[in-house]
Every structure is written in structure tokens, then in C-alpha cells.
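Comments concern the structure below.
Order of the sequence lines fixes the chain letters, A, B, ..., with proteins taken first and strands second; residue numbering starts at 1 for each chain.
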Amino acid sequence: MTASSAQDYSPALRALLDQYDVPQLPEGFADRLVARAEANEDVEQAQYVPSSARRHNAGPWRRASRWIGSVATIGLMSATAAAMGILGEPIEVPVLSDIARSLEIVDVAKPEKQPLVKQSAPEEADSPGVDPIQDSAERTDGQINAEAMIQRITDAPRFKTLRPRQKAVLLRAATRRLVQSGKATPQDIQAAVTGLREERRAERQATNRRENIREKIRNATPEQQDKLQERIDSLPPQRKAIAQERLDKLLSDVPPTANALPVSEDSKASVTEGQNEAVPDVTVDENLEIPDTSADAPVAPAPIALPALEHARQRYQQATPAERARMRQRAKKLRKTIKTERNIRNLRAQIRRNRRN
Amino acid sequence: MDRAKAIDRRNDDALMRAIGARDSNALREIAEAYGHIPFGISCRMLADPMEAEDIAQEALLRLWNQADRWVEGGPGIAAWLSRVGTNLCIDRIRKTRRQSSEEVPEHRDETPLADAALESDNVKQAIIDCVTGLPERQRASIILTYYEQLSNQLAAENLEMNIKAFESMLFRARGKLKKCVETKGLVKEDVGRICP
């Protein structure tokens with residue numbers, strides 16, 4: 001076999017390759033073909049496409065692009081499923097969630113954008129005469145009842161002498177009673193607590209501001225005082241009288257708490273620490289058994305801090321950590337002993353009753 | 001091949017028109033004139049005359065079914081059949097490889113060709129082993145350029161390849177083939193006997 005391309009082969013190799021001959025077309029090949037064509041047997045509507053890409057071994061770029069495409073497709077599908085709530089609660093996904101909302105597939109409100117810079121407290125909270133609760137939505141009866149109850153308890157002088165944990169226990173018991181009486185729901189109480197906290201924070205801020213102004217006026221130089229007096233004198237008569245009154249009030253020793261709730265020393269201290277101990281956290285546990293008392297019943301007397309107890313507390317506060325640990329151990333033992341004694345006493349009483357019977 | 005050459009392109013177009021009109025005699029004429037092209041390619045590619053006949057029939061049936069798409073003045077029926085036959089063979093080899101759970105054997109079929117007269121010829125069997133031992137595209141490049149005497153350009157077009165890539169592949173195929181026959185000791189010992 002000779003051909004132009006065959007020149008690339010050595011004569012020896014050509015001689016070998018020429019050995020690989022093929023037989024003639026089998027007998028009846030054309031007949032079988034025609035019969036098959038006429039019978040339309042096994043004839044597929046095959047199309048002569050210039051050989052498809054699958055015949056080629058995919059190159060590295062094509063393989064890489066297939067991988068990337070697959071991963072991107074799967075990621076997009078997952079994100080879409082998550083945004084549409086197929087995988088549970090709809091998740092906010094940029095663009096996709098907007099599309100889902102526009103197609104009314106999900107019914108989730110668009111979350112508000114978080115400001116980049118933390119906004120300062122609203123001006124209303126700074127003004128002393130404004131009650132934040134008044135500005136909020138209309139309060140329910142339950143909320144009003146809860147607020148009244150919390151205020152009544154927290155304003156009691158005895159309450160202010162209690163420790164934060166005791167305050168929380170007391171308030172929790174009171175709220176449970178209120179919930180059981182049906183005068184307020186846990187939501188009402190939560191809203192009331194939040195409202196009161198806001199209110200008291202505003203009061204504390206106002207108090208602090210007044211204190212600062214008073215300090216500035218007291219420490220002002222005579223020249224500054226004269227200037228201030230001049231400015232007051234230059235005001236119209238009505239405004240002048242009001243300004244003078246305020247100045248006198250600020251300079252007087254009595255703290256101007258006309259429209260502020262009484263603030264205890266403890267709560268003042270908590271202000272400096274930036275905490276909200278005046279209204280401790282109140283969580284309503286409805287499963288607990290509580291005595292059948294009405295919400296209007298007087299609040300149960302808080303455990304009074306006895307002098308001995310107060311003394312022990314002071315000792316505890318001044319003690320070193322090691323001493324504190326010892327003290328805690330001792331207190332634990334003491335509590336256990338008391339409980340055991342009580343149990344023994346009950347047992348004895350039981351035995352006595354049994355003997356009598 | 002000589003008969004195929006005798007049929008010029010105008011005759012090709014006329015035959016295809018007849019096939020388009022569902023003239024089975026025209027199909028018979030094409031089968032007799034060109035049937036050996038897909039048969040020869042597939043016979044050498046698959047080393048199995050039965051499979052080769054199946055491939056040849058398949059290629060001709062495609063021609064029968066797609067006659068209405070025939071573009072007159074094209075490269076002709078022979079080129080079309082060699083192209084389709086080659087691709088059908090490659091598909092068949094890959095399909096067989098995929099379906100086989102065992103490791104792909106080095107040689108597709110250890111049995112020699114059906115011709116009983118050649119069965120005992122060890123030299124022929126060795127060269128068959130060497131050709132069928134090549135990867136399918138390299139095997140096709142050798143068969144198209146050496147046995148079918150296609151130019152590199154036409155063979156590259158048949159395999160849908162760039163000419164440079166094809167020549168590179170052909171070079172590798174030739175190298176492997178040479179190495180194979182040397183390994184089998186055919187070049188040194190048998191060439192003298194085979195060559196006149």
C-alpha cells in the first residue's frame with residue numbers, strides 16, 4: 001500500500017502494516033441493508049452532527065469551567081431555596097429575597113437596614129418633662145395594671161433596702177400573682193417593665209443633667225455669674241421670672257425632683273454603674289404554684305435585713321476570696337442543718353400524732 | 001476504492017437525490033460502491049468483521065435517513081461515510097469500555113479475524129494486536145492516513161481536530177506502533193521474510 005502519508009513509515013513497518021488486510025464485504029451486504037432500510041428496522045432518526053463535543057477529551061479549562069459552573073449552580077439553587085423558605089424559615093438573601101417577595105412567594109417583611117453609626121438617644125428621652133411611655137402606643141389595661149403594681153412595689157422604701165436578687169424574687173412573685181388573677185398577661189408585664197425602665201433612665205439622665213448645670217453655676221466665676229444675671233435681666237418679664245425661679249431652684253440645696261420619681265441611694269449608685277437595678281428583670285413563670293391572693297392584696301413583706309445579717313454581709317464583702325469560700329461552706333452546712341432539724345421536728349410530730357391515733 | 005473513484009461527485013449528488021426519493025436501488029448501488037469504506041475502517045478499528053458489518057450498515061442507514069439534508073457539491077459520499085464510520089467506531093469502543101466492568105484489555109479482541117486462512121499467521125496477529133492496542137483516536141489516525149490514504153487534513157477533519165493536533169497525535173501513534181512491533185520482535189526477524 002503506497003500513499004503520500006505512507007512515506008512517513010519505514011519500509012519494514014509498512015510491510016508489517018500491509019499484512020493487516022480486511023476481508024471483502026460479506027455476501028448479501030447490500031441486500032440486508034436494503035431490507036433493513038425498507039423495513040425501517042432499527043432505524044433511528046440519527047442526525048449527522050459534526051462529531052459532538054463528548055468525543056473530545058475535555059481539556060483542563062473546560063473541566064475547570066464545568067466544575068465552577070456546577071458549584072455556582074448548586075450554590076445559587078441553595079440560596080434560592082433558602083430565600084424562598086423551602087429549607088425552613090425564609091432567610092434574607094440579597095436580590096433573591098427581593099425577587100421572592102415581588103413574586104409573592106414569601107411573605108416576609110424586608111428587614112430594616114441597620115444604621116452604620118449608632119444613633120444617639122432620641123431627644124425626647126433627654127427632656128425631663130416627657131414621659132416615654134406616653135409617646136409609645138396606647139397601653140392596655142393589663143399593662144397599666146402591671147405598671148401600677150411594679151411602681152407600687154419599687155417605690156416602697158423597704159424595697160429599696162433589698163438586694164437585687166431579693167428584689168427580683170419579690171417582683172417575680174408579685175407578677176405571678178397578677179398573671180394568675182388575670183389582670184395582666186406576661187406580655188403586658190414585660191412591656192410595663194420595659195416602659196418603666198425607659199422612664200427611669202430618662203429621669204436619671206435629666207437628674208444628672210440638672211446636677212451638672214447646678215455644679216457649673218456654683219463653680220462659675222463672678223464674671224460668668226454676672227453675665228448670666230445680665231442675660232436673665234434682658235429677658236421679657238414673664239420669662240425672666242421663670243428663669244430666675246429655675247436658677248434659684250438649681251442653686252438651692254434641695255434637689256429639684258418635682259416631676260421625677262424618688263430615687264433611692266441604691267438606684268443612684270446603679271445609675272453611675274449604668275445598670276437598671278431599680279427595675280430588675282422580671283420573668284413570669286406560670287407553672288409555679290403560687291398562693292391564691294389577689295393582685296390588689298398588699299405586697300408581702302420583704303425579708304428584712306436584720307442587723308446580724310447585715311453585719312455578716314459586710315464581713316463577707318470585706319473578706320478575702322478564701323474566707324468567702326469558707327463562709328459559703330459554713331452557710332451551706334447551716335442551711336442543711338436547719339432543714340434536717342425541721343425534718344426531724346416534722347417526723348417527731350408525725351410519730352406523736354400516730355401514737356395518739 | 002477504484003469503483004468509488006469512478007463515481008464522480010455529480011453522480012454522488014444524483015444518487016443522493018434518488019435516495020431522497022426513497023429509491024432502494026440507489027441505496028443498493030451506494031452500498032456496493034462505497035460499503036467497503038466504513039466496513040474497512042471499522043474492521044481495522046474493531047478487529048471484528050461482524051461488528052464492522054454492523055457499523056457499515058449503520059453508516060449507510062444514516063445516509064438513507066438523512067438524504068434530505070444532503071448538500072450538493074460537498075466532499076462526496078465516500079468522505080461522508082469514512083467520517084461517520086470512524087465516529088461510530090470510536091463511539092462503539094467507548095461504549096464497550098464503559099459497559100465492561102473489568103479492566104479494559106490491552107487488545108480488544110484476542111481472536112483473530114474470521115478468515116481461517118490467516119488465523120495461523122502470527123505476524124498478522126501481532127500487527128493486529130499492535131494496531132488495536134492503540135487508543136481509539138490514535139488508531140483511527142493510523143487507519144485513515146495509512147489504510148484509507150486520506151491526507152492529514154482530511155483525516156483531521158474526520159476526527160474534528162486541528163491539523164496540528166492531529167499531526168502531533170499521528171506522530172505519537174506512529175511511535176507507539178513502532179515500539180510495539182519492535183517489542184514483539186517483528187521488525188528485526190520477520191521483516192526480511194515479509195518484505196520481498
B/Ala52, part contacting chain A, at a heavy-atom distance under 4.5 Å
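Looking at B/Ala52, nothing touches chain A.
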For this session: Please state whether the side chain, the backbone, both or neither of B/Ile142 comes within less than 4.5 Å of a heavy atom of chain A.
Result: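 Its backbone and side chain both get close to chain A.
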task: Quick one: list whatever passes salt bridge (charged side-chain N to carboxylate O under 4.0 Å, His left out) with B/Glu72, sequence neighbours left out.
output: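 Testing B/Glu72 for salt bridge (charged side-chain N to carboxylate O under 4.0 Å, His left out), a comparison that skips the adjacent residues, returns B/Arg17.
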**Request:** Quick one: closest heavy-atom pair of A/Pro23 and B/Phe39, and the distance?
**Result:**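 Taking A/Pro23 first and B/Phe39 second, the nearest heavy atoms are O-CE2, 3.3 Å.
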* Please confirm whether the backbone N or O of B/Arg44 pairs with a side-chain atom of A/Tyr20, one donor and one acceptor, at under 3.5 Å? =>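 Side chain of A/Tyr20 to backbone of B/Arg44: a pair is present.
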Would you check, one step at a time, whether the test side chain to side chain contact (heavy atoms under 4.5 Å, CB included) holds for B/Gln125 with A/Gln19? CA-CA 9 Å; B/Gln125 186 57 50; A/Gln19 293 287 309; over 6 Å; no
If you apply the rule side chain to side chain contact (heavy atoms under 4.5 Å, CB included), what do you find for B/Lys124 with A/Asp21, and how did you get there? CA-CA 9 Å; B/Lys124 183 180 177 182; A/Asp21 55 356; 2.9 Å; yes
Open item on the list: For a 4.5 angstrom cut-off between non-hydrogen side-chain atoms, does A/Leu17 reach B/Val131?
Closed with: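 Yes, their side chains come closer than 4.5 Å.
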Go through the side-chain N and O atoms of A/Asp18 and B/Tyr146 and say whether any donor and acceptor fall under 3.5 Å apart.
->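 Side-chain D/A pair, A/Asp18 to B/Tyr146: present.
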**Item:** side chain to side chain donor-acceptor pair (under 3.5 Å) partners of residues 67-84 of chain A, not counting sequence neighbours, each pair once
**Value:**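 Passing the test, one end in residues 67-84 of chain A: no pairs.
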ask   = Is any residue of residues 25-34 of chain A within less than 4.5 Å of chain B by heavy atoms, and which ones?
value =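 Contacts with chain B: A/Leu25, A/Pro26, A/Phe29, A/Ala30, A/Asp31, A/Arg32, A/Leu33, A/Val34.
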Quick one: pull up CD in B/Gln57 and CZ in A/Arg36 and give me the separation to the nearest 0.5 Å.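 Between B/Gln57 CD and A/Arg36 CZ, I get 5.0 Å after rounding to 0.5 Å.
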### Results of side-chain contact (heavy atoms from CB on, under 4.5 Å) for B/Glu167 - residues two or more places apart only
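side-chain contact (heavy atoms from CB on, under 4.5 Å) list for B/Glu167, sorted by chain: B/Asn152, B/Ile163.
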